Structure formats: structure tokens, C-alpha cells
Undergrad: 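Just passing along the structure, written as C-alpha cells.
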Amino acid sequence: MTTPIETSRTGDACERRIVRAGFQGREGSFGARAAARCGRPVPLETFDALLEALATGDVDEALLPAVDRVIGPVDEALSALVRAVDGGLAVAVLAEVEVPMRLVLAAPRGVALGDISEVVSQPPVLRQCEGLLARLGAAVIAAEDTAEAAGRVAALGGRRAAVCSEEAALEAGLVPLLEDVSDLKPNGTRFWRLALQTVPPAAGSAPRVLRVPTERLAAPLRQSGVEVLPAAGAPAFAVVPEALLPAVAAALRESKAKGAVWLGPPPDVTRRPRVEALPRATDLLPPTVVSVRGFRVGGGARAVIAGPCAVESEEQVHRLARAVARAGATALRGGVFKPRTSPYAFQGHGLQALHWLKAAGDSVGLPVVTEVMAPAQVGPVAELADVLQIGARNCQNYDLLKEAGGALRPVLLKRGFGTTVDEWLSSAEYLLDAGCEGVMLCERGIRTFENSTRGTLDLGGLLAARQLTHLPLLADPSHASGRRELVPGLARAAWGAGVDGLIVEVHDAPESAWCDGPQALLPEDLERLCDDFGLLPGATPSIERVRTAIDAVDRQIGRLVVRRLELCRRVAAAKRAAGVPVRDSQREESVTARYLETPGMDEASARRLAESLISMGLTVEGWDAEGAA
């Protein structure tokens, strides 16, 4: 792991300083894991000592466990922070660091589970495992942290065990007897990354945390939906989402609570966009979902728009509509007005072709997407098309953007060849300002020095845009590559990068296509892509098509099962080396519970699947039921 480094400039000199990240505990503890993500870990014995080190400058940051998924607020840590803040320490919460908490019960070699008479760990960790402690009936001994608990058990020996991380157990020479022993799984802890208020937080990343000194202030905050964390039985801190800042500001004014201070700069209760000049495109909103006639994209919904570059004939577009619907596409594309580099190239059949496209889409139940090139085309096209497309050449055609934005249709805005991300979002701002509520952004390749492809698919720009906008993001691997054999790879890369959707060109006779044939996929290529992406085939009478999709799923399941069985072999080897029984009934219950949570799977099927996988795992692990009995 790379250690974060602060860089500052003094004159011409560039000073580099490693961030000293303090934590309560010792190496091998979960606090050390959190600190390692932020700088060089510096261990402190207690939470009070940790905050004192921050105040005196002995550490640059302090990692404080605030909320655990099992027990909720970590009382010991928050109580120490209350004492420090009320005592005048001006700290800021720079960020939250989520650390998975996978706890094990570990004992000296030779100690069996039924022999344990004492369990040692940090008090907050012991509260996360109350079910285990009740089953064991052992005495509970407090330790400063989980790593110290493991070390103490290893040093004292006897019928003792520690609840700690597997890393701490192995470091101390203990043998893990039980895995993942938290009452709630998966478990995790949110650490607050604290610094003195002289350190500015990263823009837009810091949680808003308020010291809440009285119940009079806490009550209206809870009613507003704010998370109020208690400590020592009293309100302590509120974690305030951006959307609730105005309500919190009102509660502060009404309660006039003394001692209510922000852990960081007081927030501006006016919601600010990420980019001031682009208030609509970069507003702090949940992800926009564009929905039209069954087509949904954004906010977790993913889509594939497919069809020919140009609508060549009525028969052709109907034929390809059936093909892309069969593959699993969620919308039909087709050009009726074609912007071409050469004035002598085919320019499209115009509005007549739009009627063909609309009828083809209706025949297979798909909405249609087509390009408009001029303001005068917007009205007639919007009467029939479900989605208007603004092509790369017109990304900054502001008159067209204004007209399309007011057409009461969703708009797919392609990025220009030489358009920066900011300029692309500025064009989206024109559409939103004109009244469009369904703007989608499409990366289609930018112009670079590379000439082996038509363009360069800028996935970095897509990911940068994701940080700035709530609008759905799509990619066009066909125009980015200009070469059919490169389209599937670019499509998979974009899908893996997290795009909300793809728009791809498809033709069943690309060699004779009137436009962009070399970059068009064959229908069977699209079927393979949709199968890889987990999209279901569209309504089709073809048994073969559905079985092809099932075969693709079966291949994926087969590969995953083989990988799972190999992991089972490795777990068994590690258990035998540690002298631990191969079979773990508690772990099997956890596996079954995970499959029961699978959306869309009924309980009986989930249990059968879990039982089959567990049985296969035990077989490759070499577990012998008769020998075990």
C-alpha cells in the first residue's frame, strides 16, 4: 500500500512529508488498518491519548472508530471525542474510512473450542460477539485492542481465546477456531479521519459532523432524519447529509444550544453545485434515471441501445429491429439524417425513414433513438422519436441544444471530438436550462494522435464526469474504434468501468452497409455482448436464442464453481496446518444466509444451491463424514 504524502511548496522547493496517522491500539488491530490507508500508522494506548497527540502535533491525523455495523456508535471512542471537543479541541472530520471487521476466535494450539474458559478482547469488539459469548459461557476479559488481546492470550496460554483479526491471531501464533464471529455479517466500522481545523478537508468529500450537546437539539434533528450518535447515554454527535443542512440550521437557531459546534468549517446551508457555472448539470442530486417506454438508464439501471448507423430501407430496419430485440437491446437506434464528412456521401432518407424506424421499434416493443442535426428538424423528429440524439459534430451547436432541450423528449448528447469534459457538461447545461429532464451523456471517442482507431475512447474522461454530474453516462465503442473487431473489447472495458449504458451499431450485412459498415457488429456479436452483460434476450419465439443465453450463464457458473472449489482446497490446507477441524457449521450457516439474500431467488432454491455448493466444497476439502463422526 502506498503511504499518502503531503506536498507543499515553499519558494522553489517542494517539501514532501509523510502523514502521521494516529490510531488507538497496536499493529495488527483494525485501527492500524484504518490508519494505514491515510498515512504512516502511529499507535497510541488510549483514545484520550490519541486525541491529545493530535492536539500537540505528535500526529497529523487521528483515526477514531465512530460507528460499528453491529453495535452502532462506539461509546468509548465517541466519549473521548466529546471530552476533547468540549475541552476546546478544534478538530475537523476530513473523511470517513470504512474498514471491514472480520473477527475470529483464536486460541493457543491444542486448545479446543469446548475447553475455553476466558475470552479476551476490546470491549466494543466483545459487544459485537454477544451471541458467541453466550454460547461459550466463558468469562469475558477486557483488553486495550484486538491485537493486544491476541498477544496476551499467546503469552498467558491456558484455556483462553481472543477475539481479533486473523492477521493478529497468526502474528501472535494463535490458531483460529471460529471465523467471522460477529453477530451481524458482514461487519464493518466507520472510522472518522480527524485533523486540526487548520487542515482543509478535500472539496465535497468530508462528512458534516455536529457536536450535539443537549437532547433539546437532538430531538428535532432525529425528527428531520439526521443520524444522532450517543455517547455515555447522552447525545454526542450528528452526521448530517447535505440535503438536511437547512433543517439542521433551523434546529440550531431554534434550540440556541450552547456548545453545538461543527467538526470542521461551518457548512453553507445553501446547496452548491459541484461546478458553480453549471448549476444544473453538476447539482448535488441522486443519480438521474431516464425512463421512456420501458427503457431505463441511470441510477443502477443499465441499457444497450443498438441498431444500424443509417436506416437504409423499411425492410432493413424491421429486420435489424428484430435482431437487436432478440439479442437483448433495450432501445433501437437508427440514423435518418446523417451528418457526413463528404457532401457526396449518403445523407439519410429523412422523415420517411423516421416513420420506418418508429414502426420497426413499435413492432418489437423498443423505443427509438435518432439524431437531429438542425433546429428545424427537432419538432418533426420529436413527434415520432422517443429519444433525440445530438451528435459529436453538434455537441456545441447551441441553437440546436436550446431547441432540442425544449422538445420535451430525452436527449442523448454525444461528446465532441475535441470537447473537454467541462465543455461537454456545459452543453448538457444548455439542454437542462431549456427544460430537458432526461439528458444522457455519451462518450464516443475523442481525437488524439493515434490513427489506428477512428477515435480514442476516453474512459478516464467518463470517470471524471461521473464525479461531477448526476446524469447517466453511456459509451459508444463503435464510433470510438471504427473497427468491428475492437468494438466488443471496448464495450466490455466501458461496462467494467461502470457506464450506465452503451450505444452500438449493428448490421447483418456490414460489407454492403450504406454507412459505417466496418464498425458495425453482426447480430450474433451483439447477442454475445448482451449475454456477457447479463441482459436477458428480448421477447422472441426463438428457443435457440434463449438456450444460447442459458449456455452463457452455465459457462459463467461453471467457471465460478471451479474457482470456489479451488478456494475450498486452500482453506482446508490452511485449517489442517493450524490443526483446526475442516468442517465449520457456523460458516455453513453464513454461506446459506448469503444465498437466501439473493434478490429474485426463492428460499427453497437458495437452500438447495447452498447445500450443493457446501457439499461439493467438503468433498474437495477431503472431509469424511464417517471419519468425523
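Fair warning: this is a prediction, and the values are worked out from it, not measured in the lab. Hydrogens, waters and symmetry mates are skipped; everything else that's a heavy atom, side chains included, is used.
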Undergrad: Nearest 0.5 Å, what's the CG-CD1 distance between Leu184 and Ile71?
TA: 11.5 Å
Undergrad: Please tell me if the side chains of Phe237 and Val228 come closer than 4.5 Å, counting only heavy atoms from C-beta onward.
TA: no
Undergrad: Which heavy atom of Ile116 sits nearest to which heavy atom of Ala138, and what is that distance?
TA: O-CB, 4.0 Å
Undergrad: Side chain of Asp500, backbone of Pro472: donor and acceptor closer than 3.5 Å?
TA: no
Undergrad: Between the main-chain N or O of Ala578 and the side-chain N or O of Arg109, is there a donor-acceptor pair closer than 3.5 Å?
TA: yes
Undergrad: So does Gln586 have more than 12 non-hydrogen atoms from other groups sitting under 6.0 Å from CD?
TA: yes
Undergrad: I'd like to check Trp262 versus Val209 (side-chain heavy atoms, cut-off strictly below 4.5 Å). Are they in contact?
TA: no
Undergrad: Locate the shortest heavy-atom distance separating Pro176 from Val580; write the atom from each residue and the value.
TA: O-CG2, 3.0 Å
Undergrad: Give a yes or no on whether Glu227 atom CD has more than 12 heavy-atom contacts from other residues, nucleotides or ligands under 6.0 Å away.
TA: yes
Undergrad: Find out whether Leu126 and Leu133 are in side-chain contact, i.e. whether some heavy atom of one side chain is under 4.5 Å from a heavy atom of the other.
TA: yes
Undergrad: Pair Arg222, Glu215 - check salt bridge (Lys or Arg N to Asp or Glu O under 4.0 Å), show working.
TA: CA-CA 10 Å; Arg222 293 192 196 97; Glu215 180 60 33; 2.7 Å; yes
Undergrad: Run the salt bridge (Lys or Arg N to Asp or Glu O under 4.0 Å) check on Glu588 and Arg583 step by step: do they pass?
TA: CA-CA 8 Å; Glu588 292 174 13; Arg583 188 159 195 181; 2.7 Å; yes
Undergrad: Look at the side chain of Ser615 and the backbone N and O of Ser612, then say whether any donor-acceptor pair between them is shorter than 3.5 Å.
TA: no
Undergrad: Check whether any side-chain heavy atom of Leu64 sits under 4.5 Å from a side-chain heavy atom of Phe47, and report yes or no.
TA: yes
Undergrad: Can you pull the salt bridge (Lys or Arg N to Asp or Glu O under 4.0 Å) pairs that have at least one residue in residues 69-94, sequence neighbours excluded?
TA: Asp48-Arg83, Glu76-Arg127, Asp86-Arg211
Undergrad: Kindly give the heavy-atom pair with the smallest separation between Val111 and Arg159, and that separation in Å.
TA: CG1-CA, 4.4 Å
Undergrad: Checking Arg274 side chain against Asp283 main chain: does a donor-acceptor pair fall under 3.5 Å?
TA: yes
Undergrad: Stepwise, does the salt bridge (Lys or Arg N to Asp or Glu O under 4.0 Å) test hold for Arg208 with Glu242?
TA: CA-CA 8 Å; Arg208 302 291 191 180; Glu242 291 284 338; 3.4 Å; yes
Undergrad: If we ignore hydrogens and angles and just use 3.5 Å, is the side chain of Ser224 paired with the main-chain N or O of Val226 as donor and acceptor?
TA: no
Undergrad: Between Arg607 and Glu603, is there a salt bridge with N-O shorter than 4.0 Å?
TA: yes
Undergrad: Report yes or no: does Arg37 contribute a side-chain atom to a donor-acceptor pair with the main-chain N or O of Glu98 at less than 3.5 Å?
TA: yes
Undergrad: Any side-chain heavy atom of Val289 sitting closer than 4.5 Å to one from Val297?
TA: no
Undergrad: Please determine whether the number of non-hydrogen atoms from other residues, nucleotides or ligands lying under 6.0 Å from atom CZ of Arg102 exceeds 12.
TA: yes
Undergrad: Do you know the tightest heavy-atom contact between Leu441 and Ala428?
TA: CD2-CB, 3.8 Å
Undergrad: Answer yes or no: is there a side-chain heavy-atom contact under 4.5 Å between Val59 and Phe23?
TA: no
Undergrad: Just how far is it from atom SG of Cys38 to atom CZ of Arg193, taken to the nearest 0.5 Å?
TA: 4.0 Å
Undergrad: Do you see a donor-acceptor pair shorter than 3.5 Å between the side chains of Asp183 and Gln128?
TA: no
Undergrad: Let me confirm one number: the NE2-CG distance from His470 to Leu284, rounded to the nearest 0.5 Å.
TA: 9.0 Å
Undergrad: What's the spacing between Leu177 CG and Lys575 NZ if we round to 0.5 Å?
TA: 11.0 Å
Undergrad: So, does Thr469 use its side chain to make a donor-acceptor pair with the main chain of Arg466 at under 3.5 Å?
TA: no
Undergrad: Checking Glu96 against Arg190 for the salt bridge (Lys or Arg N to Asp or Glu O under 4.0 Å) test, could you report, in this order, the C-alpha distance in whole Å, the side-chain angles of both residues, the deciding distance, and whether it holds?
TA: CA-CA 6 Å; Glu96 280 192 341; Arg190 288 155 46 195; 3.1 Å; yes
Undergrad: Quick check on Arg576: does its CZ atom have over 12 non-hydrogen neighbours (other residues, nucleotides or ligands) under 6.0 Å away?
TA: yes
Undergrad: Just wondering, are more than 12 heavy atoms of other shown residues or ligands nearer than 6.0 Å to CD in Glu118?
TA: yes
Undergrad: Side-chain contact test, heavy atoms from C-beta onward, threshold under 4.5 Å: evaluate it for Leu113 versus Leu105 and give yes or no.
TA: yes
Undergrad: Kindly compute the distance separating CD (Glu589) from CD1 (Ile614), expressed to the nearest 0.5 Å.
TA: 9.5 Å
Undergrad: Measuring from atom OG1 of Thr146 to atom CG of Leu103, what distance do you get when rounded to the nearest 0.5 angstrom?
TA: 7.5 Å
Undergrad: Which heavy atom of Gln122 sits nearest a heavy atom of Glu144, and at what distance?
TA: NE2-O, 3.1 Å
Undergrad: Please identify which of these residues, Val93, Leu210, Leu229, Val67, meets the side chain to side chain contact (heavy atoms under 4.5 Å, CB included) condition with Val239.
TA: Leu229
Undergrad: Would you check if Asp422 and Leu468 make a side-chain contact, meaning some heavy-atom pair closer than 4.5 Å?
TA: yes
Undergrad: Heavy atoms only: give me the nearest Gly264-Ala92 pair and the separation to one decimal.
TA: CA-CB, 3.6 Å
Undergrad: Determine yes or no for a side-chain-to-main-chain donor-acceptor pair under 3.5 angstrom, with Thr282 supplying the side chain and Pro279 the backbone.
TA: no
Undergrad: Look only at the side chain of Ser121 and the backbone of Val163, and say whether a donor-acceptor pair between them is shorter than 3.5 Å.
TA: yes
Undergrad: Tell me whether Arg563 is salt-bridged to Glu566, with the criterion being a basic N under 4.0 Å from an acidic carboxylate O.
TA: no
Undergrad: Strictly by modelled atom types, are Ser182 and Asn187 linked by a side-chain donor-acceptor pair under 3.5 Å?
TA: yes
Undergrad: Donor-acceptor pair, distance only, cut-off 3.5 Å: does the side chain of Arg302 make one with the backbone of Trp495?
TA: yes
Undergrad: With a 6.0 Å cut-off (strictly less than), is the heavy-atom count around CD of Glu437, excluding the residue itself, greater than 12?
TA: no
